[in-house]
Asker: 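Can you read through this structure? Questions will come right after.
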2 protein chains.
Amino acid sequence: MPTATDPQLAAFVAAFDDFVRAAKRARARVEPDAALTTSQYDLLAPLLDADDAPLGLRELARAAGVSAPTATRMIDGLALRGTVTRERAADDRRAVRIALTADGRAAVLEHRERLLARRRALFDHLSPGDRRSAAKVLARLAAAYEEIDA
Amino acid sequence: MPTATDPQLAAFVAAFDDFVRAAKRARARVEPDAALTTSQYDLLAPLLDADDAPLGLRELARAAGVSAPTATRMIDGLALRGTVTRERAADDRRAVRIALTADGRAAVLEHRERLLARRRALFDHLSPGDRRSAAKVLARLAAAYEEIDA
DNA sequence: TATTGTTATACTCTATAACTATA
DNA sequence: TATAGTTATAGAGTATAACAATA
């Protein structure tokens, strides 16, 4: 297997690895004192974007990229702690409507603000030139991911 | 709270989010049929870099960024499945020496090759110009992470 | 005393398969 | 039959606190 002899590829791979490791360490440092875990935030964030209109369990699961049973279990815990409410829908008795409580909304907003602050701090640490290219490169990489297994 | 009115910052944040989401989806797609999970690979990779010289549990835990009990539990499972061996050290009877079996070495190498192939594919999907800036940007971002909470 | 590792305990995240209730 | 959700079951990853053995 002809492996990375291309120095440009080698540099890319090394930088990518460093980036992934740094991001992982950073996540570990941020999470412990947060009210929500990353997975919980990913599950609930759509409720914020939906202007707090209640959404179905399947909808949340799909958006977060987890299975329905996983979402059920997560919502179990979040409902117990008063982060969300879960009610049977009146019009379709199979469905449930999940909504944020006031506390839940505050927690999700706080997490979002925390994420934004971190990205802002990263941005601030870049040189003006790097700032310009960073957004472009990250967008291209995201697109490349999708193309790879499409 | 004065949030992202800077359009350049807004673009950066959006691209960063897209990238994180794409990477998460990609990981979910790659892991199911892999012999090792990401966490297991992170724990065992140093053994490959150490030329298969046995390492201590604490050493592996620290490198992987997990607690010692977590590493113990992970090694329990990996030893049961024949991925690693765990032996009390002769010179320091408190310590254990963890080493890859032949199967384990193959699994770690295979995982590394899988990661490399994915990065190579990403690299290939970039334009020549983006390739040049990608390595630089990722390296700068990794450095920025470290500076943020240093 | 300090270090290395393990046990005890407890939670979260995760999935597949099987099930219930409703449409 | 198809859809929404839950339960049953199982396993990995994670941590803190308490402990044992050795240095």
Asker: Run the side-chain contact (heavy atoms from CB on, under 4.5 Å) test on B/T72 and B/D76 for me, step by step, so that the C-alpha distance in whole Å, both residues' side-chain angles and the decisive distance to 0.1 Å come before the verdict.
Answerer: CA-CA 6 Å; B/T72 291; B/D76 285 347; 4.1 Å; yes
Asker: Would you mind checking if B/D18 and B/R21 are paired as a salt bridge, meaning a charged N to carboxylate O distance below 4.0 Å?
Answerer: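 B/D18 and B/R21: salt-bridged.
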Asker: Can you pull out the residues from residues 37-47 of chain A that lie within a 4.0 Å heavy-atom distance of DNA chain C?
Answerer: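 Only A/T37, A/S39, A/Q40 qualify.
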Asker: Under the rule for side chain to side chain contact (heavy atoms under 4.5 Å, CB included), what residues qualify as partners of B/A99, not counting sequence neighbours?
Answerer: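 For B/A99, the residues satisfying side chain to side chain contact (heavy atoms under 4.5 Å, CB included) (neighbours in sequence not counted) are B/P54, B/T85.
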Asker: A side-chain contact here means heavy atoms from C-beta on lying under 4.5 Å apart; do A/L138 and B/L141 qualify?
Answerer: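 SC-SC contact between A/L138 and B/L141 confirmed.
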Asker: Any side-chain heavy atom of B/L47 sitting closer than 4.5 Å to one from B/V108?
Answerer: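 Not touching, per the 4.5 Å side-chain cut-off.
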Asker: What I want to find out is whether A/R119 reaches B/D17 closely enough, with some N-O distance under 4.0 Å, to be called a salt bridge.
Answerer: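 Here A/R119 pairs with B/D17 in a salt bridge, since their nearest N and O are under 4.0 Å apart.
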Asker: What's the verdict on side-chain contact (heavy atoms from CB on, under 4.5 Å) for A/H111 and A/L44, showing C-alpha distance, side-chain angles and the deciding distance?
Answerer: CA-CA 11 Å; A/H111 197 103; A/L44 301 183; over 6 Å; no
Asker: So, is A/T70 near the phosphate of C/dT14, with a side-chain N or O under 4.0 Å from OP1 or OP2?
Answerer: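 No, A/T70 has no side-chain N/O under 4.0 Å of OP1/OP2 on C/dT14.
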Asker: Just wondering, are more than 12 heavy atoms of other shown residues or ligands nearer than 6.0 Å to CG in A/D51?
Answerer: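 Result for CG/A/D51: open.
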Asker: Expressed as a whole number of angstroms, how long is the span from A/L55:CG to D/dA4:P?
Answerer: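 Those two atoms, CG and P, are 14 Å apart.
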Asker: As a quick check of understanding, evaluate salt bridge (charged side-chain N to carboxylate O under 4.0 Å, His left out) for B/E113 and B/R120, giving each step before the final call.
Answerer: CA-CA 10 Å; B/E113 204 35 63; B/R120 201 188 289 127; 3.6 Å; yes
Asker: Under the rule for side chain to side chain contact (heavy atoms under 4.5 Å, CB included), what residues qualify as partners of B/A139, not counting sequence neighbours?
Answerer: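 For B/A139 the side chain to side chain contact (heavy atoms under 4.5 Å, CB included) partners, ignoring immediate neighbours, are A/A15.
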Asker: Heavy atoms within less than 4.0 Å of DNA chain C: which residues of residues 73-89 of chain A have one? Give them sorted by number.
Answerer: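 Within residues 73-89 of chain A, the residues near DNA chain C are A/R73, A/M74.
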Asker: Between protein and nucleotides 18-23 of chain C, what N or O pairs are separated by less than 3.5 Å?
Answerer:
from	atom 1	to	atom 2	distance (Å)
C/dA23	OP1	A/R93	N	3.0

Asker: Between A/Y145 and B/R118, does any side-chain donor sit less than 3.5 Å from a side-chain acceptor?
Answerer: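 No, no side-chain donor-acceptor pair sits under 3.5 Å.
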Asker: Send over the distance from B/R27 CZ to C/dA15 C1', rounded to a whole Å.
Answerer: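 The answer, rounded to whole Å, is 15 Å.
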Asker: Test the A/R131-A/F123 pair against the cation-pi criterion, namely NZ or CZ under 6.0 angstrom from the six-membered ring centroid and within 45° of the ring axis.
Answerer: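 Pair A/R131/A/F123 counts as cation-pi.
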Asker: Ignoring backbone atoms, establish whether B/T72 has a side-chain N or O less than 4.0 Å from OP1 or OP2 of C/dT6.
Answerer: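 True: B/T72 side-chain N/O within range (under 4.0 Å) of C/dT6 OP1/OP2.
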Asker: Does NZ in B/K136 sit with more than 12 non-hydrogen atoms of other residues, nucleotides or ligands closer than 6.0 Å?
Answerer: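 Atom NZ in B/K136 is not crowded, with 12 or fewer foreign heavy atoms closer than 6.0 Å.
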Asker: The side chain of A/A95 is closest to which nucleotide in this list: D/dA4, C/dT6, C/dA15?
Answerer: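 Among D/dA4, C/dT6, C/dA15, the one nearest the side chain of A/A95 is D/dA4.
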Asker: Return the angle between end axes of the helix from C/dT1-D/dA23 to C/dA23-D/dT1, with five pairs used per end and rounding to 10°.
Answerer: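 Axis-to-axis angle, ends of the helix: 20°.
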Asker: Roughly how many Å is it from CZ in A/R58 to C1' in D/dT6, rounded to a whole number?
Answerer: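 After rounding, the reported distance stands at 10 Å.
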